[in-house]
Structures are given as C-alpha cells and as structure tokens.
**Q** 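Sending over a structure as structure tokens; questions will come in a sec.
Bear in mind the structure is a predicted one, so any value in this text is a computation, not a measurement.
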Amino acid sequence: MMSSVTTIINAISYVLIAFVAVSLIVSSIMIGVITLISVQERTKEIGILRAIGASKKNVSSMFNAETVIIGFASGLLGVLITYLLCIPINAILHALTGIGNLSAILPIHVAIALVVISVLLTLLSGIIPSRSAAKKDPVVALRTE
C-alpha cells in the first residue's frame, strides 16, 4: 500500500517538474524576445551612446544589467508571493487535516537559490539581444527613427 502511494507521489512530482521545466524555457525565450524588442526600440539611444564614446562592452553591459534587475525583481516577487500564499494554505491544511505538523514552507536557502536561478536564467536569455545591441553601427543607429 505504501509503495503504491510513493509511486503515485513520485509520478506527480515528475509531471510537476516537467511543467516547471517547460515554463522556465518559455519564460526565458519571452525575456529574450522582450529584451530584443527593447534593443530595437532603443536603437537611437544605442547610437548616441556609441557616438559619445561608449564601447561595445558598455552597451552590452547596460542591457545585461537590465535583464539581471528584471530577473532579481521577478525572483524576489515570486518568493514573496510564495511566502504570502503559505499563510492561507497552511490554514486550509490545518483545518482540513487536523494535523498541526503538516505545513507548507519555503526554506530560506531554497528561496535564495530560486532568486539566483531567476537571475541566471534572465541573464542567459538576455545575452543574445545585448550582443546584437553592441554590434550596432553608431552611424546607422543614429539615422534610424
């Protein structure tokens, strides 16, 4: 009996892990697309920066910094929402089961790891758009409207 329950829980865990993996891939692609659109809309700004002496590395670093900030803010927001949702979830669990020891928790080291993973994923998804921004020719970029 216990082995069948363990098997079912493991199967559900694997399905949830698959959903999380797919959502992380999709969100990384969307962050890359949004950053690429930001690069295309800010072509004139990139041209001005390059014209006043900013190097390609400076332009690339600017967009990488933006994606890191987005990743940190979204990871922190996700962790805060999780902590807030644990309060009603625990109340419901305690009311339904009557077990005082059964609680949904997010350990602090896991929360920190999740924020770091969020930052790394957004940084990785922003690398290609930041490189395309750095490769823009300043003269051509200044001509665009």
**Q** Is V115 reachable from I108 through a run of hydrophobic residues whose side-chain heavy atoms are each under 4.5 Å from the next?
**A** yes
**Q** Locate the shortest heavy-atom distance separating S118 from G71; write the atom from each residue and the value.
**A** OG-O, 2.7 Å
**Q** Give, for atom CD1 of I81 and atom CG of L76, the distance between the pair rounded to the nearest 0.5 Å.
**A** 10.0 Å
**Q** Say you draw a straight line from OG of S38 to CD1 of I31; how long is it, rounded to the nearest 0.5 Å?
**A** 13.0 Å
**Q** Would K136 and E45 pass as an ion pair if we require N to O under 4.0 Å?
**A** no
**Q** Between CG of N58 and CD1 of I52, what distance do you get to the nearest 0.5 Å?
**A** 10.0 Å
**Q** Would you mind reporting whether L36 and S132 have side-chain heavy atoms less than 4.5 Å apart?
**A** yes
**Q** Would a hydrophobic clustering, with Ile, Leu, Val, Met, Phe, Trp and Tyr connected at side-chain separations under 4.5 Å, put V110 with I112?
**A** yes
**Q** Check whether any side-chain heavy atom of L49 lies under 4.5 Å from a side-chain heavy atom of M62, and answer yes or no.
**A** yes
**Q** Between T7 and N10, do the side chains contain a donor N or O and an acceptor N or O under 3.5 Å apart?
**A** no
**Q** Check A104 against L93 and note the closest heavy-atom contact, atom names and distance.
**A** N-CD1, 4.2 Å
**Q** Are K56 and R50 side-chain neighbours, meaning at least one heavy-atom pair lies under 4.5 Å?
**A** yes
**Q** More than 12 heavy atoms of other residues, nucleotides or ligands under 6.0 Å from CG of L124: yes or no?
**A** yes
**Q** For residues H94 and S103, determine if any side-chain heavy atom of one lies less than 4.5 Å from a side-chain heavy atom of the other.
**A** yes
**Q** Rounded to the nearest 0.5 Å, what separation is found between the CG atom of L142 and the CG atom of D137?
**A** 9.0 Å
**Q** If you take all heavy atoms of A134 and S60, which pair is closest and at what distance?
**A** CB-CB, 4.0 Å
**Q** Checking side-chain contact (heavy atoms from CB on, under 4.5 Å) between F72 and each of T122, V119, L123, which is the one that passes?
**A** V119
**Q** What I'd like to find out is whether the side chain of T67 reaches to under 4.5 Å of the side chain of F63, using heavy atoms alone.
**A** no
**Q** When you group the ILVMFWY residues by side-chain heavy-atom contacts below 4.5 Å and let the links chain together, are V116 and I69 in the same group?
**A** no
**Q** Decide if atom CZ of R131 counts as having more than 12 heavy atoms of other residues, nucleotides or ligands within a radius under 6.0 Å.
**A** no
**Q** I need the E66 CD to S61 OG distance, nearest 0.5 Å.
**A** 11.5 Å
**Q** So, taking the atom named CD1 in I127 and the one named OG1 in T35, what distance separates them when rounded to the nearest 0.5 Å?
**A** 11.0 Å
**Q** So, for P129 and V39, which heavy atoms are closest and what is the spacing to 0.1 Å?
**A** O-CG2, 3.5 Å
**Q** Is there a path of hydrophobic side-chain contacts, each under 4.5 Å between heavy atoms, that joins L121 and V20?
**A** yes
**Q** Between L106 and L114, is there a side-chain heavy-atom distance shorter than 4.5 Å?
**A** yes
**Q** Take I105 and Y83, measure what side chain to side chain contact (heavy atoms under 4.5 Å, CB included) needs, and give me the verdict at the end.
**A** CA-CA 8 Å; I105 59 167; Y83 278 125; over 6 Å; no
**Q** So which atom in A54 and which in V59 form the shortest heavy-atom distance, rounded to 0.1 Å?
**A** CB-CG2, 4.4 Å
**Q** Can you check whether I37 reaches I34 side chain to side chain, under 4.5 Å on heavy atoms?
**A** no
